[in-house]
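All chains are named by letter (A, B, ...) in the order of the sequence lines, taking the proteins before the strands, and each is independently numbered beginning at 1. Just so you know, these numbers come straight off a predicted model, no measurement behind them. Side chains are part of it too, since the values below use all heavy atoms of this structure and drop only hydrogens, waters and symmetry mates.
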Amino acid sequence: MAHWLFKSEPDVFGYDHLVAAKREGWDGVRNYQARNFMRLMQVGEQAIFYHSMAKPAGAAGICEIVKAAEPDPTQFDPATKYFDPKSKPEDPLWAWVTVGPVEKFRHFVSLDELRAMPALAESRLVARGNRLSVLPLTEPEFDTIVAAGRHP
DNA sequence: GCCAACGTTGGC
DNA sequence: GCCAACGTTGGC
């Protein structure tokens, strides 16, 4: 089983929104690398739900893949900001996965804390200039974040 | 609001 | 195919 991390701006869609929605298609990913990661995701795999552009930014909880990749419908909808005229229904460019909530962390793990963890030193999450919104984590990286989030 | 980093675009 | 310009992301 692979492990992942999703970034979202909590002002737009935070962990509590996912809890309220119960499941949600992860729309709007328009980066090929992030899309390719989503295509690899399998039902039941877990991911860290990370709050970006927040004060502070950090890990809010755990979510899981409840439906594998399929075309992101917003790419065909001119009413959304994710509309992509280059994408054709017979050959969709962009994918989404559907995620559901698993566990909200008792302790929000701030980016400062994540940076201080030796187990995360090699992760893309804390790399300079990291702009990828969907990325893989190793099992130790994932477990380290979860352990911190469960800590009182 | 600023700035660094990086992906994408478009001219050649 | 190269690369400069531009736009977006994300932390601060």
Side-chain angles (χ1 to χ4, degrees), chain A residues 2-21 24-41 45-65 69-99 101-138 140-151:
Chain A
H3 297 84
W4 309 96
L5 180 143
F6 289 92
K7 288 184 194 170
S8 184
E9 299 180 30
D11 291 347
V12 179
F13 189 82
Y15 195 84
D16 291 339
H17 294 104
L18 180 61
V19 172
E24 189 79 11
W26 203 267
D27 65 7
V29 171
R30 296 294 179 268
N31 170 283
Y32 288 102
Q33 218 177 344
R35 179 205 65 185
N36 293 344
F37 287 138
M38 288 200 295
R39 285 179 173 171
L40 295 173
M41 293 176 184
E45 290 180 338
Q46 296 194 336
I48 299 295
F49 193 117
Y50 178 90
H51 285 178
S52 63
M53 309 294 276
K55 295 172 185 172
I62 305 170
C63 59
E64 72 176 337
I65 312 305
E70 57 191 346
D72 176 350
T74 63
Q75 69 196 302
F76 306 122
D77 183 355
T80 75
K81 64 175 182 172
Y82 301 126
F83 176 65
D84 185 347
K86 296 192 301 297
S87 186
K88 303 286 176 254
E90 63 274 17
D91 185 23
L93 265 181
W94 305 111
W96 76 7
V97 294
T98 302
V99 302
V102 174
E103 175 183 337
K104 180 176 179 173
F105 288 147
R106 300 166 63 188
H107 171 73
F108 181 86
V109 189
S110 71
L111 181 57
D112 280 351
E113 292 174 76
L114 295 169
R115 286 211 170 107
M117 295 174 181
L120 292 179
E122 303 298 315
S123 171
R124 296 190 67 161
L125 178 61
V126 297
R128 270 169 65 82
N130 160 46
R131 290 173 41 198
L132 203 56
S133 63
V134 177
L135 54 106
L137 296 174
T138 66
E141 288 168 351
F142 180 85
D143 290 346
T144 297
I145 297 171
V146 170
R150 286 177 177 160
H151 202 267

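- Straight-line distance from the CG atom of A:L114 to the P atom of C:dG11: 10 Å, rounded to whole Å.
- Atom P of nucleotide B:dT8 and atom CG of A:N31 are separated by 6 Å, given to the nearest angstrom.
- Distance, A:R115 CZ to C:dG10 C1': 10 Å, rounded to whole Å.
- Atoms CG (A:L125) and P (C:dT9) sit 17 Å apart, rounded to a whole Å.
- Ring pair A:W94/A:Y32 is tilted by interplanar angle, where 30° to 60° counts as tilted.
- When rounded to the nearest whole Å, the span between CG of A:L132 and P of B:dG7 equals 9 Å.
- Between A:K55 atom NZ and C:dG10 atom P the separation is 16 Å, expressed in whole Å.
- The OH atom of A:Y32 sits 16 Å away from the C1' atom of C:dT8 (whole-angstrom rounding).
- Two residues are said to be in side-chain contact when any heavy atoms from C-beta on lie closer than 4.5 Å; A:E70 and A:T98 meet this criterion.
- Side-chain atoms of A:L111 lie closest to C:dC12 of the nucleotides C:dG10, B:dG7, C:dC12.
- Counting only N and O atoms by type, the side chains of A:E24 and A:H17 include no donor and acceptor under 3.5 Å apart.
- Taking only side-chain nitrogens and oxygens, A:Y50 never comes nearer than 4.0 Å to OP1 or OP2 of C:dT9.
- Listed nucleotides: B:dT8, B:dT9, C:dG11. Nearest to the side chain of A:K86: B:dT9.
- Rounded to whole Å, atom P of C:dT9 lies 15 Å from atom CG of A:D11.
- Salt bridge status for A:D72 with A:R35: absent, with no side-chain N to carboxylate O gap under 4.0 Å.
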